[in-house]
Novice: 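Provided herewith is a single structure, encoded as structure tokens, for subsequent inquiry.
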Amino acid sequence: MSQESKGSGNEYVTLQDHSTGKNYDFPLMPGSIGPKVIDVRPLYAQTGHFTYDPGYTSTGSCESKITYIDGEEGILLHRGYPIEELAEQSSFLELCYLLLNGELPTQSERQKFEATITNHTMVHEQLHNLYRGFRRDAHPMAIMCGVVGALSAFYHDSTDINDPRQRMIASHRLIAKIPTIATMAYKYSIGQPFVYPRNDLSYAENFLHMMFSVPAADYKVSPIVSRAMDRIFILHADHEQNASTSTVRMAGSSGANPFACIAAGIASLWGPAHGGANEAVLDMLNEIGSKDRIGEMIERAKDKDDPFRLMGFGHRVYKNHDPRARVLMKSAHEVLGELGIENEPLLEIAMELEKIALEDDYFVQRKLFPNVDFYSGIILKALGFPTSMFTVLFAVARTVGWIAQWKEMIEDPSQKIGRPRQLYTGYTQRPYVAVDKR
Ligand code: CMC
């Protein structure tokens with residue numbers, strides 16, 4: 001393959017088919033930053049071949065203006081703003097506005113948006129009955145998949161994807177109601193009554209209130225805890241075309257309604273290679289139990305005959321520190337300090353594990369660094385969350401990213417139904433054999 005400029009100044013990549021000696025030119029498309037992409041849309045028509053890329057390791061599936069990641073440098077930008085600055089200076093709801101609308105809100109836009117979200121946090125009362133159909137010991141993520149999928153049956157006045165107003169209403173409803181739905185899943189699983197949202201609380205405070213308060217006692221939300229919660233939401237809000245976001249886009253590409261698409265995203269997020277990793281990290285740290293067992297776990301992670309992987313390590317895109325992990329590590333120390341949790345053994349094991357892994361050739365050569373899930377579980381544990389809620393929290397925060405990406409896709413005139421091709425390696429055509437002849 002060669003790269004050259006032709007005629008109009010447009011750049012092309014030339015692909016040579018050695019079997020025929022023919023050359024084919026494919027245009028290079030530039031983004032605003034980041035590597036150019038090869039436009040292979042005419043590939044099959046011109047060459048009669050498809051590309052083969054399981055796991056989409058080299059495939060750009062869409063054009064997007066929402067989030068940019070430079071995995072080599074460890075950079076994450078939302079609408080151009082660095083994640084570190086957003087985590088330090090912004091709030092989760094302001095970030096929601098930014099992701100959805102493209103710009104930071106003015107003071108009045110911000111107030112209006114906050115009021116809209118705050119005033120739509122209640123769910124249809126009938127939805128309560130849906131929860132009662134689940135077993136009490138159901139995993140909250142299992143309940144989330146079901147309940148969010150059912151939302152289109154409750155809010156069908158915002159399922160016309162071709163109406164921009166309905167698209168925005170559905171987006172606001174999802175961001176507003178997802179904390180209520182998530183905390184109800186938890187309350188149901190522990191046999192406590194559902195707690196209604198309160199409009200005088202911020203997004204993070206309200207989430208904590210619905211999660212931890214009970215009718216029998218006063219619950220005061222700690223400002224330390226609510227600030228940490230808001231920051232965790234910010235750090236998980238969007239991450240361009242990851243597995244769950246791509247799932248949302250793929251589901252939505254057929255014209256499915258937004259509630260069904262977000263339910264699909266939740267299902268994809270649940271896996272331990274994706275959002276389920278934060279729960280798995282804590283399980284792993286508990287299993288390690290003490291610093292002297294770290295070496296043994298590192299050896300297991302390196303052993304190709306052992307399926308065990310160091311959870312919270314490695315990333316498809318980051319081949320450097322995950323910038324979210326850096327913010328979270330700092331936050332973990334601050335939160336534990338402010339909450340007076342000295343010498344948290346799991347944090348100590350995590351830090352030692354990180355130190356040993358970052359010096360080990362296996363991890364260095366493969367550029368495996370701690371990712372966002374490595375430290376988030378420790379903070380969530382310190383804030384009082386049970387491990388079964390960790391991935392649910394990820395889903396609450398990621399809902400805005402999913403819906404912003406879904407909206408962008410629907411509004412993109414070049415959008416097509418997602419329909420990859422395959423390399424078929426099964427039987428070639430053969431005649432049917434009657435059952436008595438098999
Ligand atoms: N522990 C041990 N070895 C690892 C790990 C790990 N955590 N991650 C990757 N490797 C090895 C892997 O075995 C392979 O080695 P080799 O080249 O010798 O075959 C090499 O590193 C490349 O790994 P890969 O599986 O080809 O990389 P991928 O881009 O397909 O997978 C990943 C990325 C995140 C799924 C993977 O690193 C992983 O399973 N990590 C643990 C789970 C985790 O923490 N997931 C959270 C991801 S970040 C948040 C999110 O997306 O939700």
Side-chain angles (χ1 to χ4, degrees), residues 53-59 67 69 71-72 74-76 83 141 144 232-249 264-285 287-288 294-329 350 353-380 387 389-402 405:
D53 186 19
Y56 309 116
T57 55
S58 301
T59 297
T67 292
I69 303 175
E72 303 301 323
I75 292 170
L76 169 60
I83 190 66
M141 278 301 276
M144 292 290 284
I232 285 177
F233 285 154
I234 290 175
L235 293 172
H236 289 83
D238 190 50
H239 212 227
E240 54 117 308
Q241 309 313 320
N242 54 81
S244 57
T245 303
S246 299
T247 302
V248 170
R249 279 187 179 256
I266 292 173
S268 167
L269 185 77
W270 194 4
H274 191 9
N278 52 14
E279 187 174 340
V281 168
L282 219 74
D283 292 343
M284 177 188 76
L285 294 175
E287 194 189 335
I288 294 177
I294 291 176
E296 186 192 318
M297 288 313 225
I298 298 254
E299 287 316 309
R300 277 192 62 195
K302 287 159 44 174
D303 180 357
K304 294 287 164 212
D305 297 326
D306 189 331
F308 174 76
R309 281 188 165 199
L310 217 52
M311 299 315 287
F313 259 79
H315 198 275
R316 171 62 60 78
V317 184
Y318 293 119
K319 301 301 167 199
N320 197 325
H321 274 98
D322 178 339
R324 302 165 301 170
R326 278 195 299 230
V327 176
L328 274 175
M329 187 186 78
L353 182 67
E354 176 181 356
K355 192 167 151 277
I356 295 176
L358 291 180
E359 286 166 0
D360 189 295
D361 264 3
Y362 175 95
F363 292 89
V364 173
Q365 275 168 14
R366 290 169 180 77
K367 299 184 177 171
L368 301 170
F369 290 88
N371 59 47
V372 68
D373 294 312
F374 192 67
Y375 281 103
S376 64
I378 294 167
I379 304 187
L380 293 175
T387 41
M389 281 300 283
F390 289 5
T391 313
V392 176
L393 280 156
F394 197 154
V396 169
R398 186 54 61 84
T399 294
V400 64
W402 289 329
Q405 300 265 355

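Both ligands and their constituent atoms are indexed starting at 1 by order of listing.
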Novice: Need the ligand 1 atom indices (1-based, order shown) with element for anything under 4.0 Å from a heavy-atom of His315.
Specialist: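 Matching atoms, with element in brackets: 34 (C), 37 (O), 48 (S).
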Novice: Within the 4.0 Å heavy-atom shell around Phe394, which atoms of ligand 1 are there?
Specialist: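 Answer for ligand 1: 52 (O).
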Novice: Where does Phe374 meet ligand 1, judged by heavy-atom distances below 4.0 Å: at the side chain, the backbone, both, or neither?
Specialist: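 No part of Phe374 comes within reach of ligand 1.
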Novice: Among all protein heavy atoms in this structure, tell me which lies nearest to atom 50 (C) of ligand 1, with the distance rounded to 0.1 Å.
Specialist: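 Ranked first by proximity to atom 50 (C) of ligand 1 is His274 ND1, 3.3 Å.
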Novice: In the protein, what heavy atom is nearest to atom 7 (N) of ligand 1, and what distance, to one decimal place, separates them?
Specialist: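 Heavy-atom neighbour on the protein nearest atom 7 (N) of ligand 1: Leu310 O, 2.7 Å.
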Novice: What are the atoms of ligand 1, with element, lying closer than 4.0 Å to any heavy atom of Ala277?
Specialist: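 Here the atoms of ligand 1 in question are 43 (C), 44 (O), 45 (N), 46 (C).
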Novice: Checking the side chain of Ser246 only, and the main-chain atoms of Gln241 only, is there a donor and an acceptor separated by less than 3.5 Å?
Specialist: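 It does hold such a pair.
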Novice: May I ask whether Phe308 has any heavy atom positioned less than 4.0 angstrom from an atom of ligand 1?
Specialist: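 It does not, in that no heavy atom of Phe308 comes within the 4.0 Å cut-off of ligand 1.
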Novice: Which atoms from ligand 1 have a heavy atom of Ala301 less than 4.0 Å away?
Specialist: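 This gives 2 (C) as the contact atoms.
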Novice: Report the nearest protein non-hydrogen atom to atom 10 (N) of ligand 1: residue, atom name, distance rounded to 0.1 Å.
Specialist: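 Residue, atom and distance for the closest contact: Leu368 CD1, 3.6 Å.
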Novice: Going by the atom numbers of ligand 1, which of them fall below 4.0 Å from some non-hydrogen atom of Gly275?
Specialist: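 Going through ligand 1 atom by atom, the ones under 4.0 Å from Gly275 are 52 (O).
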Novice: For atom 3 (N) of ligand 1, what's the nearest protein heavy-atom neighbour? Residue, atom name and distance, please.
Specialist: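 For atom 3 (N) of ligand 1, the nearest protein heavy atom comes out as Tyr362 OH, 2.9 Å.
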Novice: State whether the side chain of Asp373 and the backbone N or O of Ala277 hold a donor-acceptor pair below 3.5 Å, judged by distance alone.
Specialist: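 A pair under 3.5 Å: no.
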Novice: Would you mind checking which non-hydrogen protein atom is closest to atom 49 (C) of ligand 1, with the distance to 0.1 Å?
Specialist: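 Result: Asp373 OD2, 3.1 Å.
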Novice: Can you tell me the protein heavy atom closest to atom 41 (C) of ligand 1 and the distance?
Specialist: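 Sorting protein heavy atoms by distance from atom 41 (C) of ligand 1 puts Phe313 O, 3.4 Å first.
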Novice: Please check if the side chain of Asn242 supplies one atom and the backbone of Glu240 the other of a donor-acceptor pair under 3.5 Å.
Specialist: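 Yes, the answer is positive, given that a donor and an acceptor are paired below the 3.5 Å cut-off.
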Novice: Could you check whether any heavy atom of Asn242 sits closer than 4.0 Å to an atom of ligand 1, since that is the contact criterion I want to use?
Specialist: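 No, Asn242 has no heavy atoms under 4.0 Å from ligand 1.
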Novice: Answer yes or no: is there a donor N or O on one side and an acceptor on the other, between the side chain of Ser268 and the main chain of Ala264, under 3.5 Å?
Specialist: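 Here the side-chain-to-backbone pair does not exist.
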Novice: Have a look at His239 and tell me which of Ile83, Val372, Leu76, Thr245 forms a side-chain contact (heavy atoms from CB on, under 4.5 Å) with it.
Specialist: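 Filter result, single survivor: Leu76.
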Novice: Within the 4.0 Å heavy-atom shell around Gly312, which atoms of ligand 1 are there?
Specialist: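 Those atoms are 43 (C), 44 (O).
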Novice: Heavy atom under 4.0 Å from ligand 1: found in Lys304's side chain, backbone, both, or neither?
Specialist: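 The answer is the side chain of Lys304.
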Novice: At under 4.0 Å between heavy atoms, is it the side chain or the backbone of Arg366 that contacts ligand 1, or both, or neither?
Specialist: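 Answer for Arg366: side chain.
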Novice: Return the orientation label for the Phe369 and His321 ring planes: parallel under 30°, perpendicular over 60°, tilted otherwise.
Specialist: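 It falls in the tilted class, 30° to 60°.
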Novice: Minimum heavy-atom separation for Met297 to Phe308, with atom names?
Specialist: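 So the two residues come closest at O-CE2, 3.5 Å.
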Novice: Of the listed options (Met297, Arg309, Arg300), which comes nearest to atom 32 (C) of ligand 1 when hydrogens are ignored and any heavy atom counts?
Specialist: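 Closest candidate by heavy-atom distance is Arg309.
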Novice: Okay, side chain of Arg398, backbone of Leu269: is any donor-acceptor separation there less than 3.5 Å?
Specialist: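 No.
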Novice: Would you mind reporting whether Asp360 and Lys302 have side-chain heavy atoms less than 4.5 Å apart?
Specialist: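 The answer is yes; the side chains approach within 4.5 Å.
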Novice: Contact between Trp402 and Ile266 at the side-chain level, heavy atoms closer than 4.5 Å - yes or no?
Specialist: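 Counting from C-beta outward, Trp402 and Ile266 do come under 4.5 Å.
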Novice: Below 4.0 angstrom, counting only protein heavy atoms, does anything approach atom 38 (C) of ligand 1?
Specialist: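 So atom 38 (C) of ligand 1 has protein heavy-atom neighbours under 4.0 Å.
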Novice: In terms of atom number and element, which parts of ligand 1 are under 4.0 angstrom from non-hydrogen atoms of Arg316?
Specialist: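 It comes down to these atoms of ligand 1: 28 (P), 29 (O), 30 (O), 33 (C).
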Novice: With the side chain counted from C-beta on, respond yes when Leu328 and Leu235 share a heavy-atom pair under 4.5 Å apart, and no when they do not.
Specialist: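 Counting from C-beta outward, Leu328 and Leu235 do come under 4.5 Å.
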Novice: Which residue supplies the protein heavy atom nearest to atom 34 (C) of ligand 1, what is that atom called, and how far is it?
Specialist: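 Result for atom 34 (C) of ligand 1: Gly314 O, 3.7 Å.
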Novice: Gly55 and Arg316: which non-hydrogen atoms are nearest, and at how many Å?
Specialist: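 The answer is O-NH1, 2.8 Å.
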Novice: Is there a side-chain contact between Ser244 and Trp270, using heavy atoms and a 4.5 Å cut-off?
Specialist: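 They are not in contact (no side-chain heavy atoms under 4.5 Å apart), so the answer is no.
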Novice: Counting only N and O atoms by type, is there a donor-acceptor contact under 3.5 Å from the side chain of Asn371 to the main-chain atoms of His315?
Specialist: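 Absent.
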Novice: Considering all protein heavy atoms, does one lie under 4.0 Å from atom 27 (O) of ligand 1?
Specialist: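 False for atom 27 (O) of ligand 1.
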Novice: For atom 42 (C) of ligand 1, what is the nearest protein heavy atom, given as residue, atom name and distance?
Specialist: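 Here the closest protein heavy atom is Met311 CE, 3.4 Å.
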Novice: Under a 4.0 Å heavy-atom limit, does Asp322 contact ligand 1 with its side chain, its backbone, both, or neither?
Specialist: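 The answer is neither.
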